[in-house]
Amino acid sequence: MLTTVCINTQQARKRTLFLQKIADRLNELLDQLNTAQQQAVVSSEGPVMVIAGAGSGKTRVLTYRIAYLLNKGTDPFNILALTFTNKAAREMKERIIQLVGSNDARNVWMGTFHSVFAKILRIEGHLLEYPHNFTIYDTDDSKNLIKNIVKEMQLDPKLYAPGMIFSRISAAKSNLISVDDYLGNSEIMESDRIANRPMTGEIYRFYKARCFKASAMDFDDLLYNTNLLLRDFPETLLKYQKKFSYILVDEYQDTNHAQYLIVKKLAARNENICVVGDDAQSIYSFRGANIQNILNFRNDYPDLQTFKLEQNYRSTKTIVSAANSIISRNKDQIYKQVWTSNDEGALIQVLRAATDAEEGALVANSVFQAKMNEQLPNSAFAILYRTNAQSRALEEAFRKLNIPYRIYGGLSFYKRKEIKDLLAYFRLVVNPADDEAFYRIINYPARGIGNTTVDKLTLAASENGISVFEAAIQANIAVPALAKSTVQKIIEFTEMIRAFHTQLAKMSAYELGRKIATSSGLLKELAADQSEEGLSRMQNSEELLNALKDFSELEQTLFPADNEETTDNTVSRTLDLFMQEISLLTDADSEDEDENNKVTMMTIHAAKGLEFPHVYIVGLEENLFPSIMSLQSRADIEEERRLFYVALTRAEKKVTLSYAESRYRWGNLSMNEPSRFLDEINSSFIEQTTRRIRSGPDNNTVMQKAPVFIKKNLKKINDSSPAPENRSETPVELIQPGIEVEHERFGKGKVLSVEGSGPNIKATVFFQAVGQKQLLLKYARLRIVN
DNA sequence: GTGTGATATCTTTTT
DNA sequence: GATATCACAC
């Protein structure tokens with residue numbers, strides 16, 4: 001499968017000619033690089049580390065380096081380039097295509113850590129007793145499974161919160177701690193005991209076993225198992241060491257221990273490894289990234305060549321200096337002096353708003369004015385925020401001014417319920433052992449198989465060591481307690497899935513996908529819902545089927561390295577191939593070409609590696625940015641500061657910062673101080689205005705209730721309560737014993753007592769209609785009656 | 001077993 | 001505000 005490709009002589013001649021052309025072009029291009037960049041590009045042999053300051057042409061170095069290698073005659077199949085996001089991989093690929101043409105570029109092994117390792121595991125996974133068609137569990141699947149395990153072990157689900165346990169397991173795997181290591185490590189066990197969760201290790205054990213039985217790997221397994229493979233099968237290791245004679249790693253500062261070790265192993269034979277990164281932009285330690293990997297890289301390779309890229313080509317002097325003034329407050333860093341020869345540029349503007357809604361309006365207005373004054377397209381602007389939840393207020397404001405925008409991340413396409421449902425059908429058809437997929441769809445659309453039945457099936461499955469699907473097939477014998485009619489329903493379901501399964505190789509992905517969507521009743525179920533959301537769900541499902549169609553008709557895969565030997569394109573591409581390709585696509589990886597001219601809104605994390613002429617960083621408030629979760633330790637604060645650094649350095653021309661004095665956070669109003677980061681920027685870079693910028697001539701539009709939104713759960717007709725007149729929310733502090741209040745549902749009442757603090761303030765209220773109630777104030781939305 | 005409404009919990013950041 | 005979970009009626 002991975003043997004060298006034979007090239008016949010004619011092809012070879014063509015190739016030589018072609019390479020000549022590249023050589024000319026490369027020399028031309030090398031002239032455009034500065035000295036440090038050139039050195040980093042041409043030092044192709046031996047270990048190399050490139051410390052690349054923000055905007056210093058990092059991607060350029062990586063792409064030119066690959067082009068340079070190809071130019072020297074390196075076989076593209078022998079180059080491995082690892083990135084963290086699909087977007088980064090795709091962009092790099094596109095740029096290399098521009099440099100060397102598509103044939104060579106396409107054959108470079110380039111992708112995210114996860115996708116490349118998934119590919120290797122599909123080929124070699126049998127060594128670890130995984131089938132090639134294993135499922136990849138996303139975070140929701142993992143948490144669901146953990147939730148079930150906790151339930152089965154009869155542990156307290158509040159104590160053993162799935163998210164908490166999952167991050168614990170994830171951290172263990174990222175550090176290559178096996179189940180046995182975990183259970184045998186007294187330190188870890190002690191910390192679990194102190195946290196009052198002594199059974200965490202046991203959950204890890206069950207989780208691991210259940211994933212394995214379901215032929216499923218989670219994201220961490222893709223790294224963990226690759227490591228296992230390379231550790232325990234020396235021949236396999238050697239095979240890939242030989243194959244990947246040149247290795248490049250982007251964003252090296254964000255690697256975790258597992259990634260570090262895999263790269264180290266793969267590079268051990270040739271040591272032609274080039275890592276590129278910037279310690280100042282390390283923002284993923286919450287995901288196990290270990291900044292020491294880059295700080296200590298030298299220790300692993302004594303003859304390491306290090307190049308520092310310190311000239312920033314992206315931003316104005318003001319932005320670069322402001323960013324430097326921020327990052328210099330951090331202690332842990334590799335010394336470097338980022339500078340630029342660009343213009344001084346505009347000062348940083350700070351917008352102050354009273355509320356989050358006003359902040360949105362100010363930002364939208366500012367964008368509108370800048371657009372008009374400077375005749376800029378929408379795509380010149382990016383709005384960056386700390387949390388996805390902040391996008392709502394911004395969206396509303398932009399909609400009001402009719403400025404087109406595009407949100408990246410957040411509820412991505414593949415996370416929508418209807419999409420996950422449909423995909424769960426596909427998953428089960430491809431891999432019937434996929435228990436999580438089974439649970440998701442066994443009774444959707446409703447087919448009379450309820451919780452009790454599913455519980456019985458689960459029990460039978462675990463007693464017999466088989467998958468739930470297997471148990472369902474044998475429902476009549478394995479689960480005697482079931483009613484005859486129930487068994488009949490179960491058999492109908494399993495027969496349907498099995499029928500689809502046999503069609504896998506015979507039909508194209510699209511044909512089979514369409515058939516599944518139809519005969520499962522999914523489409524009918526969706527069509528029955530004529531509400532606005534129902535229609536959009538229908539559209540989304542159709543969109544997925546369209547993607548299947550495109551996929552089926554596509555002649556070549558994005559990664560033809562899959563089929564180095566077989567270039568047989570006549571077989572139409574099947575559903576299991578489709579599932580392999582999309583399971584690692586998360587964010588809106590689909591790029592709509594016609595959606596180009598829009599303002600970008602995204603989290604700062606998502607913005608890493610991107611650049612925009614105008615950048616707005618919003619929500620600069622204590623407890624939000626820096627996040628309240630990060631105030632505990634210096635290391636955490638430093639990471640938030642690096643995040644701010646990343647945000648600032650996305651900008652080419654101008655940065656605008658904003659904050660709101662109050663904002664709605666999970667339902668109720670909270671007041672926050674302006675962020676400490678505002679003070680940390682040297683004030684000489686900030687435009688000094690005391691003038692409060694107003695949000696436009698019709699200032700009160702912000703406050704009006706927009707009639708555009710249709711309430712999701714339409715009230716029943718007999719509920720003739722008048723439309724809520726501009727209800728003023730009552731600050732929680734004003735709720736005191738003795739006060740008369742009104743509740744939306746319970747009506748009027750009197751506060752008897754108030755207890756608790758912070759977000760958990762509770763009030764005991766006596767309502768005339770319903771009697772005494774205890775209410776959490778942050779949800780109750782009490783209104784004071786005068 | 002299904003469907004409804006009330007209640008509880010929740011939010012960093014992502015492959 | 002949005003979603004998972006629980007309790008209860010059918």
Side-chain angles (χ1 to χ4, degrees), chain A residues 82-89 111-118 136-140 142-144 147 151 157-158 161-163 167 170 174 217-223 251 254-256 258-259 283-289 384-390 392-393 408-412 414-415 417 443 445-454 483 485-486 489 533 583-587 589 602-608 619 623-631 636 639-640 642-643 646-647 664-668 709 711-713 716 745-746 759-760 770 773-776 778-781:
Chain A
L82 297 169
T83 65
F84 272 84
T85 62
N86 296 304
K87 200 161 41 175
T112 63
F113 278 90
H114 291 84
S115 71
V116 168
F117 296 158
I136 297 174
Y137 275 178
D138 67 14
T139 312
D140 286 343
S142 299
K143 285 184 184 168
N144 238 336
K147 196 168 22 169
K151 203 160 90 187
K158 284 206 185 104
S167 58
S170 170
S174 301
M217 299 194 197
D218 64 17
F219 291 135
D220 301 306
D221 286 330
L222 295 175
L223 307 180
E251 309 278 13
D254 287 330
T255 50
N256 63 28
Q259 289 161 328
I283 54 175
Y284 281 108
S285 74
F286 70 92
R287 206 170 73 190
L384 307 182
Y385 34 77
R386 180 66 236 267
T387 64
N388 281 308
Q390 287 165 257
R392 183 186 306 265
Y408 286 80
L411 235 195
S412 81
Y414 292 106
K415 280 198 175 139
K417 180 187 176 315
N443 201 28
R447 46 175 72 87
I449 305 172
N451 286 337
T452 347
T453 311
V454 172
S485 62
T486 313
K489 287 174 194 154
E533 291 90 22
S583 48
L584 288 167
L585 292 186
T586 40
D587 55 344
D589 266 316
M602 54 168 65
T603 63
I604 302 167
H605 283 88
K608 196 161 83 153
N623 300 329
L624 179 61
F625 191 19
S627 156
I628 192 160
M629 315 294 286
S630 308
L631 301 177
D636 285 347
E639 177 145 322
E640 295 283 308
R642 289 195 295 269
L643 196 55
V646 168
Y664 278 99
R665 265 185 111 178
W666 53 103
N668 70 330
F709 302 106
K711 261 279 178 217
K712 194 147 76 225
N713 302 315
K716 291 195 188 80
R745 218 174 37 250
F746 301 144
N760 296 319
V770 292
K773 289 265 176 202
Q774 271 217 332
L775 302 165
L776 262 182
K778 66 175 167 180
Y779 301 113
R781 295 245 183 152

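Please read these numbers as outputs of a predicted model, since none were measured by experiment. Protein chains get the first letters and strands the later ones, always in sequence-line order, with residue 1 at the start of each.
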Worksheet item: With centres under 5.5 Å and planes under 30° as the test, does A:Tyr284 stack with B:dT13?
Response: no
Figure out the [atom1]/[atom2] separation between [X] and [N], and round it to whole Å.
X	N	atom1	atom2	result
A:Leu624	B:dT13	CG	P	11 Å
A:Asp220	B:dT14	CG	P	16 Å
A:Lys147	C:dA4	NZ	P	8 Å
A:Asp140	B:dT14	CG	C1'	13 Å
A:Lys143	B:dT14	NZ	C1'	11 Å

Sugar-phosphate only, base, or nothing, as touched by [X] at under 4.0 Å among non-hydrogen atoms:
X	answer
A:Lys489	nothing
A:Ile449	sugar-phosphate
A:Phe286	base
A:Asn443	sugar-phosphate

Worksheet item: Short question: side chain of A:His605, backbone of A:Ile283 - any donor-acceptor pair under 3.5 Å?
Response: yes
Ignoring backbone atoms, test whether [X] places a side-chain nitrogen or oxygen under 4.0 Å from the OP1 or OP2 oxygen of [N].
X	N	value
A:Asn388	B:dT14	yes
A:Ser627	B:dT13	no
A:Thr452	B:dG1	yes

Worksheet item: Do A:Lys608's NZ or CZ and the ring of A:Tyr284 fall within the cation-pi criteria of under 6.0 Å and 45°?
Response: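 Ring-cation test returns no.
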Worksheet item: What is the distance from atom CG of A:Asn144 to atom OH of A:Tyr137, rounded to the nearest 0.5 Å?
Response: 9.5 Å
Fill in: Candidate nucleotides B:dG1, B:dT13, B:dT15, ranked by approach to the side chain of A:His605 - the nearest
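Of all the options, the side chain of A:His605 is nearest to B:dT13.
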Worksheet entry | Selected nucleotide, minimal atom distance to A:Thr85 side chain, candidates B:dT13, B:dT15, B:dG1 |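 Looking only at side-chain atoms, A:Thr85 lies closest to B:dT15.
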